[in-house]
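Here's the structure, in structure tokens; my notes come after.
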Amino acid sequence: VCAFVSLCSAKNVEVWSVSHFQTEVREVVANQNKMALVYVHSPDCPVCVWFNPIYKRVAQSYEDNDDLLCTDIVYEENRELVTELAIRAHPTILLLSRDNLRGAKYGGPRTFDHLRAFIEYKLTGNAPDLRHYREGLEENWEPAFDGETG
């Protein structure tokens, strides 16, 4: 089952230390060969407010997937962790894997289908065909990510 670890929520803000994140997320990814989707957002960010329901839908769509841990972090409440993750803006989406514990940064369109395509590409090496979304995008479109952080 995909565990949704809400590192911070609007009702119950929890400040995570770097060491706690290391134990609860990175060690699980490294030792259990899972991936972690890390969403960093701010309650004052209009783009984040708009994207929050999409992210929650994506996380819920992976509830039955044992290979993915979904997390969310409130930027302002977790400055030490945000700095350690080399995050300079929000919203930021990272996908941590055993091979990349710093995380691959997602840089594609903020849509349900595109984010799922990025995750599927990282989990399986295959991405769903999103040709119907390619209109207006460059010809050689692939699931977008900015590369590795750090």
Side-chain angles (χ1 to χ4, degrees), residues 1-10 14 16-42 45 47-75 77-78 81-150:
V1 173
C2 171
F4 183 77
V5 179
S6 183
L7 301 184
C8 299
S9 68
E14 182 179 354
W16 279 47
S17 68
V18 172
S19 62
H20 195 191
F21 184 82
Q22 178 71 21
T23 302
E24 297 296 319
V25 178
R26 281 202 173 126
E27 286 183 14
V28 169
V29 169
N31 298 330
Q32 297 179 24
N33 199 26
K34 295 180 184 280
M35 290 190 173
L37 188 65
V38 178
Y39 171 50
V40 180
H41 60 96
S42 171
C45 165
V47 175
C48 299
V49 170
W50 172 84
F51 184 69
N52 286 343
I54 295 169
Y55 178 78
K56 286 183 180 171
R57 232 178 98 216
V58 168
Q60 288 170 346
S61 74
Y62 283 97
E63 283 178 342
D64 295 327
N65 189 319
D66 291 335
D67 297 325
L68 186 66
L69 173 70
C70 298
T71 66
D72 74 83
I73 301 170
V74 174
Y75 186 91
E77 301 298 330
N78 292 279
L81 180 55
V82 165
T83 300
E84 196 273 335
L85 291 171
I87 294 171
R88 295 181 192 93
H90 46 73
T92 296
I93 302 165
L94 301 174
L95 189 64
L96 282 63
S97 66
R98 178 183 275 181
D99 297 332
N100 185 357
L101 291 174
R102 300 278 307 158
K105 187 186 229 180
Y106 175 70
R110 300 296 197 252
T111 68
F112 177 84
D113 290 331
H114 282 96
L115 183 54
R116 281 212 28 119
F118 170 74
I119 295 166
E120 288 301 312
Y121 180 72
K122 291 298 190 177
L123 285 173
T124 67
N126 298 311
D129 184 6
L130 294 179
R131 251 182 287 208
H132 59 288
Y133 282 104
R134 292 184 186 175
E135 190 172 313
L137 297 176
E138 58 190 66
E139 185 63 32
N140 296 323
W141 182 88
E142 291 183 17
F145 63 98
D146 294 338
E148 297 179 18
T149 63

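Owing to the predicted nature of the structure, the values given are computational and were not obtained by experimental measurement.
Residues forming a side-chain hydrogen bond (donor to acceptor under 3.5 Å, both in side chains) with T83 (at least two apart in sequence, or on another chain): none. For R110, the side chain to side chain contact (heavy atoms under 4.5 Å, CB included) partners two or more places apart in sequence, or in a different chain, are W50, F51, P91, I93, Y106. The salt bridge (charged side-chain N to carboxylate O under 4.0 Å, His left out) search around E27 returns none, not counting sequence neighbours. With sequence neighbours left out, S42 forms a side-chain hydrogen bond (donor to acceptor under 3.5 Å, both in side chains) with E76. Checked against side-chain hydrogen bond (donor to acceptor under 3.5 Å, both in side chains), T23 has no partners two or more places apart in sequence or in another chain.
Note that the CG atom of L96 and the CZ atom of R26 stand 6.0 Å from one another [nearest 0.5 Å]. With rounding to the nearest 0.5 angstrom, the CG atom of L94 is 12.0 Å from the CG atom of L101. Distance check: L37 CG to I119 CD1 gives 4.5 Å after rounding to the nearest 0.5 Å.
A 4.5 Å side-chain heavy-atom check between V58 and Y39 finds every atom pair outside the cut-off. Looking at I54 and L115, their side chains never come closer than 4.5 Å, going by heavy atoms from C-beta outward. Taking the side chain as every heavy atom from C-beta outward, F112 and S61 approach each other to under 4.5 Å. The closest side-chain heavy-atom distance from I87 to V38 is not below 4.5 Å. Side-chain atoms of N100 and L95, non-hydrogen and from C-beta on, never get closer than 4.5 Å to each other.
Residues V82 and Y75 approach most closely at CG1-CE1, 3.4 Å, considering heavy atoms. Closest heavy-atom contact between K34 and V29: O-CG1, 3.1 Å. Here the closest heavy-atom approach between residue E84 and residue R102 is recorded as O-NH1, 2.9 Å. When all heavy atoms of V74 and N78 are compared, the closest pair comes out as O-ND2, 3.0 Å. Counting all heavy atoms, side chain and backbone alike, P109 lies closest to H114 at O-CB, 3.6 Å. In plain terms, the two heavy atoms of L69 and E24 that are nearest each other are CD2-O, 4.0 Å.
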Decide side-chain contact (heavy atoms from CB on, under 4.5 Å) for T92 and L85; before the verdict, give the C-alpha distance in whole Å, the side-chain angles of both, and the deciding distance to 0.1 Å. CA-CA 10 Å; T92 296; L85 291 171; over 6 Å; no
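Y62 and D67 share no side-chain donor-acceptor pair at under 3.5 Å.
Note on residues 88-98: no pairs pass salt bridge (charged side-chain N to carboxylate O under 4.0 Å, His left out), not counting sequence neighbours.
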